[in-house]
Structure formats: structure tokens, C-alpha cells
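Down below is the structure, laid out as C-alpha cells.
Throughout, protein chains are lettered first and strands after them, A, B, ... in sequence-line order, and every chain is numbered starting at 1. Computed from a predicted structure; not experimentally measured.
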There are 2 protein chains.
Amino acid sequence: MAKKPTLRDVSEATGLSSYTVSRALSNGPDVSAASRKLVLKAARELGYVPNRAAQELRKKSRSSVAVITASTSNYYYLDLMKGVQRVLRVSGRNAVVADIAAEGVYTPEVEDAIVQDLIQSRTAGIITTLTLSSENVKLLESWDIPVVFVDSAPPEDATQVPSILTDNYAASMKAGAHLARHGYTDWLFLAYPGRWSTRAERERGLQEAATKHGAALRVLETENDSDSACKTLSSYLNTPGRTLPRAIIAGNNPLLHGVLTALKQREIVVPTQVALMAFDEFAWAPLLDPPLTVVDEDSESIGVLAAQTLTRILDGQLEAERRGDPPVPSYRPEDRREVNADLIVRQSCGC
Amino acid sequence: MAKKPTLRDVSEATGLSSYTVSRALSNGPDVSAASRKLVLKAARELGYVPNRAAQELRKKSRSSVAVITASTSNYYYLDLMKGVQRVLRVSGRNAVVADIAAEGVYTPEVEDAIVQDLIQSRTAGIITTLTLSSENVKLLESWDIPVVFVDSAPPEDATQVPSILTDNYAASMKAGAHLARHGYTDWLFLAYPGRWSTRAERERGLQEAATKHGAALRVLETENDSDSACKTLSSYLNTPGRTLPRAIIAGNNPLLHGVLTALKQREIVVPTQVALMAFDEFAWAPLLDPPLTVVDEDSESIGVLAAQTLTRILDGQLEAERRGDPPVPSYRPEDRREVNADLIVRQSCGC
DNA sequence: GCCTGCTTTCTAATCGTTTAGGTTTAGGTT
DNA sequence: AACCTAAACCTAAACGATTAGAAAGCAGGC
């Protein structure tokens, strides 16, 4: 098409002013049924499609929410998104995902760039699975963009910011207790870096369980992807004098994948030679060899909770703006929530 | 923040005009080093962040491309995205995914709504894994938005539109030949709906192989998600007088999940009672019980190819626009490409 | 002193919408 | 006839950036 039709073209075609056309197209008041029909017909015939950029520039209300994730190949995020989408859809907003570790590794520079980008596009609100830097949280706050933390905790000085966290400490205790019941006393926790705040809680819970039940816990840290996990575990087991632990706990889904491939390469059988447990339930867990015992966070309902909290805040901002007040996000104490996680016992633990 | 700083604020703070400020911030020419430094400093101090909507409205060049998928839980798309992202990143564009079957089911209305939405946001280009309606392809064309089809074929009357397709016919023949070599003569193909054009090719290849090797092929259609697949297969096997086939071929990744859960429920063991094969390789395939024989499309490199084709077209449009020509996408015959798929033989087929 | 050419800067129009505030019109009341 | 009301519509000013086109400043050459 040589020239894309604009509102003005529709206006000229119908003989009505841009005001009336705009109202007609957005189903607003102050338009007669006859005019509305006329406008819609002309718009269709001309192939008019409104320009989102112009709309957003003019009206202040933004409508899309961003979900910040690290490594989309983690099943946890897929379920989370499902929950988020379901809630946002009904309030007419939409979610986009911003993958902060798209290339596999996290860097503070990428974090800054993504936050910068989200401000540029005047995102309505943010749900983040990563602990953002204190500076970035403040920056977003200064732009009146509400943030909800899921899975990862907010930075320490952001005491008001909402969060939906899992009680990873309790969950890890449960996991440890189960291992102890099997009589295993030699555990290895393969962990992602401490940048994700769940890491510390999970380690703390396992440690507590270990000392309580007289077991020994070793912690092995790796980058947050399958390949690194596989290599880290392999080279750990390769170092002479190292004994195979009786039980391995994989810190999350990609790490589990790394562990399983490493074990398969060395033909170590689960659970007879090593017991295996992992954090984060996912669709293929029951179909693995052997079916996997996991700590289940129910990430979909966490997504629902997070999205509900965010929509409430966003609606509050809209309301304030209509009153003429500044649209500062209002956080409530009950927006800081902690949910439980359960152990789904299958066979990889030895059951 | 009470009032968000705009370019104008930076301009007033520095005493320079908006022109100079704009140039300085976008690293353009025509601005002295001293002014540039001054502007950057002021911008930082004020906490200025450019308004994307205003930028996009003013300059014509759009920079984000959309990938249309159906059901993000299909691993195929994750790998595809990885390839797409990698290519786009270097040309300074970014990819967003538009999930057309977010709620699980596809409807033409959702397709229309998504296309409408992509035009509204003046998306630079589209990579789609779904055969769009002929009308939508024409609509996008009239807005000069180039489209590249991957996996699914373009509608029949869109003879110019680029596409990266897999030779599913040949791949299915290979798969069938392998089943025949095992001596299986009774095959069941669990297929997603024909809306995805690969369905027909895959069925045709399997059918051809079946007749060639004297086997019988039954085709069972199901909706394109795990749950439906599980239910469909279960009720198929439940109908009295139905015998268990000797081999099952799952049409794609979610369907495979459905098949495995259905088989597990009825305690049918693979591969001794039924052999199993599936389309689309994915990370967990080697770790399933038993390790899965799959047809591998190498979706990551398909993503790379698609993104390369699209960037070439987009660059061409930019070039044309600079010359003052209309930015119609120019398609080349070699943009219609077909890639091969291989069989990755593991153990679920009986090997 | 005038002209030329170069760099740096400014002015003002523009992109395509929405909307505050005002005006017209039709119809009803008194 | 004079006045009022509400619905329907219009005019024109935003929103916040980019960018032609014009202009100012400066150096060097004649």
C-alpha cells in the first residue's frame, strides 16, 4: 500500500470529524448509531488500523505488563506465564516476557538494559523472577511502575514492594527429612548461583535437615543451565578420591537435566546407586527414568497471585489518575505473601 | 516522580535546543563533543528516559519482529526462538512471541485479533509457525509487513511469500521404513489437526511407507495438546474390540506427552508391547523411559534461517525507503527453502 | 571587506491519535 | 415565542520525539 490510511482519512471519507470517528471506533459515548455504523463501514473499506504508538503517546494509560525471567528453558517460567496470562487477559492487559539471560548468562549490564528498555516502552507493571538491583527498583519506582517479585525476594531495602515467595526453607527441610528417612547420610546439593535468592533458602533448609538427621551436606555451585551443570558435576565426580554421594538434589529444572545426562554418561543408575531429587515439578517428571521425586512450587498459581496483586495496584493507579492524584503505586502489607511447596514423591528417591 | 522528564526538560536544563539534545542522545553527527557531554550529564541527572511511543510515531522505522506460535509448551518453539533471537540481536532488532493458542485452542477469531494487533503495533516483520489465512497474509502485505513461514506452509495463493519448511514427507518415510525394519505391521499415527500443514505431509509419508512395506496405518486425530492426546488415545484403546497397535507415532511434542501418560496409566510397556516414535527432538528425549526415538527437525537452525531471510527483507525495505521508494517487501525465489530432518534412533522403537 | 565552505545550532513542522471545551441541533416546556 | 436540556458533533491543542531547512559562527582565501 502506498499510503497507510489514518484516522484522518476515515474522517474525510465519512465527512465526520476526527473526534467522532475516534469515539465511534473506541465504542465511546457521544456518537449516534448512524454515525457509528458509517464510521465502521468506512474504516473497514479503507483498511484502517489504528496506530498504537500514537494512541499510547496521547493517552497516558499503558496496558502491557512485562515478566522478567532468566532462561526460558526452565519449565517453571512456562507454568508461571500461564497463570499470569490467565489473570491479565480478563482485565484487558497483556503480558510480554523479557528474558534477562537469553544468551545463557546473566550480567548486571543486561539487567540495566532490560529495565531501561521497559521504562522506554512505559510498561504498566513488572513481574520479576529475579532479584533486581536496589538501584533498578528505585528507578522503576520513580517512574511509578509497580513491581511484583515472584520466587526471588526483593532487595533488602525495598521493604514495601510486593512479593509472592515460596517457603523454600520449609520445603527443603521436608525434602531433607525424606532423604533421611531413606537412611541416606551423604547428600550433594547442586546449586545455581546465589543471585537467585531462593538458592540461600534452599541450601539453608537442606543444611538444617542434614544436621538434624545426622547427614553430611556438600554444596556444588554451577551456572544456571543444563550444560554447565553437567560439566560441573562430571568434573566433580572425576576428581580422584571423590566418592559418589548417596543422594543428589538438583537445584532446579535445567540443573536436573544436567545431572541426569551426567549420570547417564557414567552409567550410574538411579536410585540404586544414587538417589535423586529436584526442585520444581514439571510435566515430564513422571515420565523420566525413573519417575522423579520433586519439590512442587505450583508455579501456575503463584503466577495467578502475582498477576492479581499487580492488577489491583494498576487499577489503583488508574483510579488515582482519574481523581487527578499522582499515580504512585500503593503497596499493602498483605501483598507480601509466602506460599507452601510440597514434596511429590515418585521413585527417583528410592521409594 | 511527579512529572516525568522529557526531552524538553533536558533541552531547558542544558540551554540547548531539542534538536541538539536529540542528536547527542542518539549518537548522531552535528554536535560538538562539549555539547554531547553536557547533554548526557543533564539527561542522567534528570533521570531522563526517552519515550518509545513518541519515537516510533515520529520515525517510520520499526524494529521489532513477532514470532507467531501455537502453544508455547511445545519445545519446538523454544529452540526456534533461540535461533531467531541470535540472528536478530546482531541486527539490533528484537523478537516478541505472540502465542496464538494461549488458552489451548486455536480459533480463526484469535488469529485475526493477533494479526490486527501486530499491525496496530506496526511490527516490522513476522515469522509464523502457523498457516495464516489467505486474507490475513494479504492484509499484512498491504501494510508492507513481510512474513516468513516456518514449519507450516503459506496459504496456496501466496506463491511468493518466503518459507522455511521441513521435508516432512521424506522424514516420515524414513520413520516408517525404520518401523518396517523392526517388522511392525500395525501402526497408529496420533495426529494434531490439519490446520498445521505439516500434518498432511507427515501422514502422507507414513502412509506411503506403510503401503510400500505392507503395513497398516491408522490415523487418530486429536487437539494439539497433551491432555486431549491422552484422552483421545485412552478412549480409542478403551473401545471394545480395538487391538493395541504394534507401533505408535506421536505427531509432536505435546502429543507425545499425552501418549506416554496414557500408556503409563494402562501399564503398557514401551517398546516391548508397543514401539513408540515421535516427531520433534527435545532435551528430555534421551532421558525418558525408554529413551525416545525421534524425528529431528533441528528447529534452532530453522529459526536462524528464517530470521536471516527476514532481516534481509527488512534491510531491503529500509534501503528502499532511504531512496524514497515505497517499502514493499521484495521476495526472492530462493527464500522458499526446504530442509531435511533426520531420525535419531534411541530405544523406544525397539532398538 | 567580501565571499565561500564548514561545523554547530536553532526554529518549526510533523508523526497519528485523544480529549477538553465549545457549538450546533432537535426536541420539549412553559 | 422564548427558553432549556441533552445528544451529537466540532475545533484545536496536546502527547514527546525527529528532522528538514534556515541561520549563526568561524576560519581561511582572495
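- Among residue pairs with one or both ends in residues 23-36 of chain B, none qualify as salt bridge (Lys or Arg N to Asp or Glu O under 4.0 Å); sequence neighbours excluded.
- Applying the salt bridge (Lys or Arg N to Asp or Glu O under 4.0 Å) rule to pairs touching residues 10-22 of chain A yields A/Arg8-A/Glu12, sequence neighbours excluded.
- Along DNA chain D, read 5' to 3', the first and last nucleotides having any atom under 4.0 Å from a heavy atom of chain A are D/dA8 to D/dG16.
- For A/Asn27, there are no side chain to side chain donor-acceptor pair (under 3.5 Å) partners, not counting sequence neighbours.
- Qualifying side chain to side chain contact (heavy atoms under 4.5 Å, CB included) partners for A/Ser152, counting only residues two or more places apart in sequence or in other chains: A/Thr131, A/Trp196, A/Ser197.
- If you check every strand for non-hydrogen atoms under 4.0 Å, B/Asp30 touches a base.
- In this structure, A/Ser26 reaches neither bases nor backbone, as no heavy-atom distance under 4.0 Å exists between it and the strands shown.
- Residue contacts for A/Pro29: at a heavy-atom cut-off of 4.0 Å it reaches no nucleic acid atom on any strand shown.
- The side chain to side chain donor-acceptor pair (under 3.5 Å) test applied to B/Glu319 returns B/Arg322, not counting sequence neighbours.
- B/Arg23 comes within contact range of the sugar-phosphate backbone alone, with a heavy-atom separation under 4.0 Å but no base atom that close.
- Applying the salt bridge (Lys or Arg N to Asp or Glu O under 4.0 Å) rule to pairs touching residues 146-155 of chain B yields nothing, sequence neighbours excluded.
- Scored by the side chain to side chain contact (heavy atoms under 4.5 Å, CB included) test, B/Asn94 finds B/Ser63, B/Ser64 as partners (sequence neighbours excluded).
- Residues satisfying the side chain to side chain contact (heavy atoms under 4.5 Å, CB included) test with B/Arg58, not counting sequence neighbours, are none.
- Using a 4.0 Å heavy-atom distance criterion, B/Gly15 is classed as a sugar-phosphate-only contact.
- Consecutive Watson-Crick or G-U pairs involving DNA chain C, each under 3.5 Å on both distances, make up stems of three or more pairs at C:1-30 with D:1-30.
- Along DNA chain C, the stretch of nucleotides lying under 4.0 Å from any heavy atom of chain A spans, 5' to 3', C/dG16 to C/dA20.
- B/Glu300 meets the side chain to side chain donor-acceptor pair (under 3.5 Å) test with B/Arg86; sequence neighbours excluded.
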